[in-house]
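See structure below.
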Amino acid sequence: MRYHPHTPEEIREMLEKIGVSRIEALFAPIPERCRLDRPLAVPEALDERSLMEHLEELAAKQPKVPPFLGGGAYPHHVPPAVDQLLLRSELYTAYTPYQPEVSQGTLQITFEFQTYVTLLTGLELANASMYDGATAAAEAALMAVRLSRGRCTKVVVSRALHPEYRDVLQTYLAVGFEVVEVGFGPDGRTDLEALRGAVDEKTAAVLVGYPNFFGVIEDLRALAQVAHDKGALLVSCTTEALALGLLQGPGALGADIAVGEMQSFGNGLNFGGPGLGFFATREAYLRQLPGRICGATVDRSGRRGFVLTLSTREQHIRRERATSNICTNHGLNAAAATIHLSLLGREGLHALALVNYRRARYARERLAEAGCKPLFSGPVFNEFVVRAPKDAPERIRKAGLAGGLQLECYYPELPDGLLLCVTELHDRKRIDALVQALA
Amino acid sequence: MSQEFFPNTSPGTRGLVYREPLIFERSVPGRSGASLPSAGVPETDPADEIPAELLRGPIEHFPSNSENEVVRHYVRLSQTNHSIDTGFYPLGSCTMKYNPKVNEWAARLPGFANAHPYLPPEQLQGVLELMWNLQNLLSEIGGFAATSLQPAAGAHGELAGLMIIRAYHLDRHGTPRKKVLIPDSAHGTNPASAALLGYQAVELPSNEKGMLEPEVVARAMDEDVAALMVTNPNTLGIFETHIKEIAEIVHAKGGLVYGDGANMNAILGVARPGDLGIDVMHYNLHKTFSTPHGGGGPGAGPVSVAAALEPYLPRPVVVKEGDAFRLDFDRPKSIGKLRTFWGNFGMMVRAYTYILELGREGLRRTAELAVLNAQYLRKLLEADWHVAYENPSLHEVIFTDRNLKETGVTTMDVAKALIDHGFHPPTVYFPLVVSGALMIEPTETESKETLEAFAAAMKAIYERAKTDPEGLKRAPEKPVVERLDEARAARKPVLRWTPDFEIPF
């Protein structure tokens with residue numbers, strides 16, 4: 001086995017030094033009755049080439065074309081520079097920077113990531129990342145409850161928020177909390193009147209998508225007003241972080257907590273995981289922030305360095321009184337996003353967002369002409385819902401394309417709704433082919 | 001730093017590393033590292049449709065750099081990290097084994113990396129087959145009836161496991177029950193996960209051998225206890241020999257046993273938690289199954305269960321019908337969804353690759369050599385260093401700073417001194433039940449001479465503590481920064497760059 005370095009001779013020497021004759025004797029602390037009395041029913045070892053062929057066969061079964069599909073996971077171009085930097089052994093084979101003096105690379109990248117999150121969201125404070133957008137949203141709701149010192153145990157959620165985010169919220173808040181959903185209007189935005197009726201003094205937080213699951217851009221200012229009137233916090237959940245390259249940061253529009261998914265920056269689809277959850281909020285809420293945080297400090301000579309800090313909030317110090325049970329975050333995904341954002345830079349980020357908007361708009365307009373009218377009237381970024389024939393996914397597949405998500409399984413009231421996403425990976429030719437398939 | 005303290009056993013040298021500003025401080029307006037397609041469609045204006053107050057232009061303070069500058073910046077930063085591929089990384093309880101390169105190749109295959117989670121099952125047969133195979137392999141390795149690959153990390157797997165336990169009690173007994181029993185040596189995520197679900201965490205003392213005694217469990221056990229959480233081998237590296245009796249005591253009162261699989265590496269192919277009375281267990285693919293730790297994630301924390309708990313697994317689960325695979329969402333008793341989509345698939349590819357390459361014998365050999373390496377290192381160190389528990393340990397061993405008491409040198413000083421010798425320090429001050437703990441887990445992928453070089457460095461540090469304790473307090477001296485002021489970081493938090501950022505570098 002190429003990962004096991006010892007020769008038989010070395011093993012013999014080591015056993016002799018330990019004072020036993022056979023390797024099995026090292027397992028003496030495990031009582032006989034606890035041992036497995038047969039070999040594992042696992043296949044025999046594969047050599048590297050056979051292994052690669054098996055994996056290539058499995059990988060070949062997925063389509064090669066970029067799907068017209070978002071819904072929380074977005075197909076985008078990942079520059080080779082991002083991946084080659086991620087393959088730096090020093091980054092991907094290191095662990096959590098518990099020893100900061102030999103982890104400055106990871107720590108400084110985390111500090112840069114936190115800075116990027118604050119710039120994108122328009123808030124002052126960000127953590128080192130979460131598992132994904134949905135768990136970040138659930139943690140935001142829990143944080144809002146903590147900030148109310150447990151007085152408020154109700155959370156109001158827009159039905160236009162990603163169904164899986166709502167689902168995860170239900171899982172996390174299954175016992176001891178009240179989760180109330182409010183509907184959406186013909187513009188695809190959260191129904192303000194319904195929201196006003198649902199939010200009360202027991203409400204800790206209001207959660208909405210920005211843009212929401214239909215791709216529609218919510219008016220956060222109006223939503224914030226409703227939440228704040230009753231002392232609740234507004235949590236904006238952004239599944240497509242690239243939208244923040246074109247849209248105002250949620251913090252500037254009244255959101256108290258901005259969470260979401262940053263997979264779009266530097267991270268592939270990977271069948272939906274790992275994602276990259278981000279979590280930003282106002283400075284005043286620092287002590288209730290979940291997850292790891294990196295901070296700047298100085299060394300013995302007064303020179304700059306970075307450390308994980310404020311860990312008295314965290315499980316390894318605080319145990320059952322921690323702000324969250326999260327330990328591992330998504331550090332390498334955060335590094336990918338940081339590197340990609342650094343490559344894009346100030347102008348590039350905005351330009352990429354514009355390309356997405358323009359191509360999606362072109363697709364919307366062509367589809368509308370071809371009979372697939374938009375289902376909602378609200379403004380959108382790179383994702384949108386159209387009325388499409390029942391066999392739309394099949395038609396798309398037959399045209400050699402992929403994607404389109406039928407909404408009926410999430411929204412029975414939208415039986416002909418088809419969610420489509422258009423990014424920089426979909427050029428005019430591909431978009432025209434999609435329109436033709438659905439016409 | 002004189003030669004006498006740094007014998008030839010040490011690979012640590014001072015390489016050429018760069019002090020690197022923040023990317024925000026390097027920026028020159030007008031530069032760019034992006035390659036963008038032209039829209040290729042009409043250059044429409046978003047302001048036609050989107051209210052102006054919701055729009056913004058390029059974000060102020062975003063940096064601008066060319067690709068070369070960005071690459072150099074992150075390469076230089078990477079060079080200030082210690083990593084497994086750089087050197088020995090004996091971080092106890094974290095299983096810092098070699099991360100095979102074929103795993104990285106596999107995860108990057110376009111058919112995996114570009115698969116969208118919402119494609120229809122007929123376009124996803126390869127990825128679903130991989131998940132199906134992996135969940136079956138893990139069930140077999142752990143001795144369980146079924147496995148969900150959904151949890152994103154170990155702590156997330158714990159949360160899933162405890163939710164399953166809660167759902168089981170609600171279903172069977174009409175109450176979630178109130179308490180969760182947790183040994184004092186447990187990882188901090190155990191009580192934190194229990195508390196997150198509203199359970200009262202009850203700490204159980206381990207005995208002088210570092211083990212949990214059946215009598216202690218029996219005394220704490222009543223019908224308000226939902227579960228006992230155990231790690232086996234525990235965080236002290238010691239196998240809980242009474243696990244079967246303990247499980248029987250818990251089961252007799254209707255409770256369940258949660259297994260923290262963090263230390264599964266020690267018993268691969270040797271013993272299976274599912275055979276020992278454990279009802280639910282999470283694995284850490286980033287520990288036992290060689291997926292990289294990524295500087296703090298992503299990990300993956302699949303959870304396996306006994307047959308009676310299978311209905312409660314997170315939904316969806318991968319099922320096979322004939323030759324076809326699909327996701328089954330119709331799971332009425334499921335605890336629900338724990339995250340978006342189906343799990344950290346990128347980590348699943350790597351773990352699957354690893355298990356197939358090792359095969360049946362390689363897995364068992366892994367446990368054997370992990371234990372051999374830990375025992376060998378223990379033997380090399382125990383002449384100088386105080387071992388926390390005399391009874392035999394398996395894949396990791398805990399020493400303390402007790403023998404250095406009169407020198408004033410602490411575990412933290414030892415850790416920092418190891419850095420100057422070119423080694424990553426062990427896990428320090430954990431578990432909390434051991435004062436001044438140095439928790440060492442070498443893993444099976446380290447060679448004999450690496451273990452010996454580490455032991456020599458530990459010996460050199462021990463000697464130096466006796467003659468030059470003040471010198472040790474200055475360590476580390478070789479990394480890009482010296483010992484950092486962590487108290488200041490917490491007292492005056494600076495958590496992002498702003499234009500008035502002024503800490504000199």
Side-chain angles (χ1 to χ4, degrees), chain A residues 5 14 26 29 42 44-45 55 58-59 61-62 67 85 88-90 92-96 101-102 104-106 115 131 134 164 167 171 268 270-274 295-297 299-300 304-305 309 315-316 319-320 322 325 327-332 342-346 348 350 358 362 379 428, chain B residues 33-34 39-41 49-50 58 62 64 70 74 77-78 80-85 106 109 111 113 115-117 125-126 152-153 155 188 191-193 195 201 239 292-299 336-337 340-341 344-346 359-360 371 376 392 447 479 481-482 484 489 494 496-497 503 505:
Chain A
M14 293 168 82
L26 298 173
V42 168
E44 297 281 356
L55 291 158
L58 291 178
K61 294 183 182 180
Q62 281 66 240
L85 286 166
R88 291 286 307 185
S89 286
E90 298 93 326
Y92 86 90
T93 78
Y95 192 40
T96 300
E101 296 85 358
V102 281
Q104 284 301 299
T106 293
T115 304
Y131 303 137
E164 294 205 32
D167 221 349
T171 309
N270 294 307
F271 197 33
T297 187
D299 71 2
R300 287 177 67 238
R304 179 193 299 182
T309 190
Q315 48 76 25
H316 64 280
R319 300 176 80 84
E320 69 272 16
N325 78 329
C327 175
T328 295
N329 52 9
H330 278 191
L332 198 65
S342 296
L343 286 166
L344 285 171
R346 184 174 185 272
H350 186 67
R358 285 174 174 155
Y362 172 78
R428 188 175 191 148
Chain B
V41 297
E49 301 182 322
I50 304 173
F62 247 67
S64 301
V70 171
Y74 291 106
L77 287 182
S78 79
T80 64
N81 265 5
H82 186 89
S83 71
I84 299 174
D85 286 353
L109 284 168
H116 193 287
Q125 287 300 295
S193 300
F239 192 84
H293 285 72
K337 287 215 89 229
T340 37
F341 313 121
N344 281 352
F345 180 76
R360 167 195 316 152
V371 175
Y376 185 63
S447 69
V481 290
E482 295 175 74
L484 289 155
V494 178
R496 60 170 170 157
W497 171 87
I503 304 175
F505 77 96

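So you know, we letter chains A, B, ... as the sequences are listed, proteins then strands, and number each from 1.
At distances below 3.5 Å, not a single donor-acceptor pair connects side-chain atoms of N270(A) with backbone N or O atoms of G346(B). Listed for the T171(A) side chain is a donor-acceptor partner under 3.5 Å among the backbone atoms of K337(B). Distance alone, capped at 3.5 Å, places no donor-acceptor pair between the E90(A) side chain and the H82(B) backbone. A donor-acceptor pair is defined here as one N or O able to donate and one able to accept, closer than 3.5 Å; no such pair exists between the side chain of T115(A) and the backbone of R496(B). Under a 3.5 Å cut-off, the side chain of T340(B) and the backbone N or O of E164(A) do not form any donor-acceptor pair. With hydrogens and angles disregarded, no donor-acceptor distance shorter than 3.5 Å links the side chain of R300(A) to the backbone of E482(B). Checked by atom type and distance alone, the side chain of N81(B) pairs as donor or acceptor with a backbone atom of T106(A) at under 3.5 Å.
Annotation: maximal heavy-atom pairing with chain A below 4.5 Å, among G299(B), G111(B), P479(B), occurs at G111(B). Counting heavy-atom pairs closer than 4.5 Å to chain B, the top-ranked of the candidates G345(A), G295(A), A94(A), G331(A) is A94(A). The choice from S447(B), A195(B), G336(B) that makes the most heavy-atom pairs within less than 4.5 Å of chain A is S447(B). For the options G40(B), G359(B), G126(B), heavy-atom pairs under 4.5 Å to chain A are most numerous at G126(B). Top candidate by heavy-atom pairs under 4.5 Å with chain B, chosen from G268(A), G348(A), G273(A), is G273(A). Most heavy-atom pairs under 4.5 Å with chain A: of the set L484(B), V70(B), V371(B), T80(B), this distinction falls to L484(B). Chain A forms more heavy-atom pairs under 4.5 Å with one residue of G295(B), P292(B), A489(B), A155(B) than with any other, namely G295(B). Interface summary for chain B: among G105(A), G305(A), P379(A), A134(A), the most heavy-atom pairs under 4.5 angstrom belong to G105(A). Ranking A201(B), A153(B), P191(B), A34(B) against chain A, the residue ahead of the rest is P191(B), based on heavy-atom pairs under 4.5 Å.
The two atoms that bring H330(A) and N344(B) nearest to each other are NE2-ND2, 3.3 Å, heavy atoms only. V41(B) and R428(A) get closest at one heavy-atom pair: CA-NH1, 4.1 Å. Across all non-hydrogen atoms, the minimal contact from F239(B) to P29(A) is CD2-O, 3.9 Å. Closest of all the heavy-atom pairs between V481(B) and Q104(A) is CG2-CG, 3.7 Å. Across all non-hydrogen atoms, the minimal contact from P298(B) to L332(A) is CD-CB, 3.8 Å. The two atoms that bring F341(B) and G272(A) nearest to each other are CD1-O, 3.4 Å, heavy atoms only.
The closest side-chain donor-acceptor pair between S78(B) and R88(A) falls under 3.5 angstrom.
If you take CZ on F505(B) and CZ on R304(A), they are separated by 6.0 Å, rounding to the nearest 0.5 Å. Rounded to the nearest 0.5 angstrom, T93(A) OG1 and H293(B) NE2 are separated by 10.5 Å. To the nearest 0.5 angstrom, Q62(A) atom CD is 8.5 Å from Q125(B) atom CD. In this structure, OG in S64(B) is found 10.5 Å from CG in L344(A), a value given to the nearest 0.5 Å.
Heavy atoms of L85(A) lying under 4.5 Å from chain B belong exclusively to its side chain. Only the side chain of Y362(A) comes within less than 4.5 Å of a heavy atom in chain B; its backbone stays farther off.
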Show your reasoning for whether side-chain hydrogen bond (donor to acceptor under 3.5 Å, both in side chains) applies to S83(B) and Y92(A). CA-CA 8 Å; S83(B) 71; Y92(A) 86 90; over 6 Å; no
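Here the side chains of L55(A) and L109(B) are in contact, with some heavy-atom distance below 4.5 Å.
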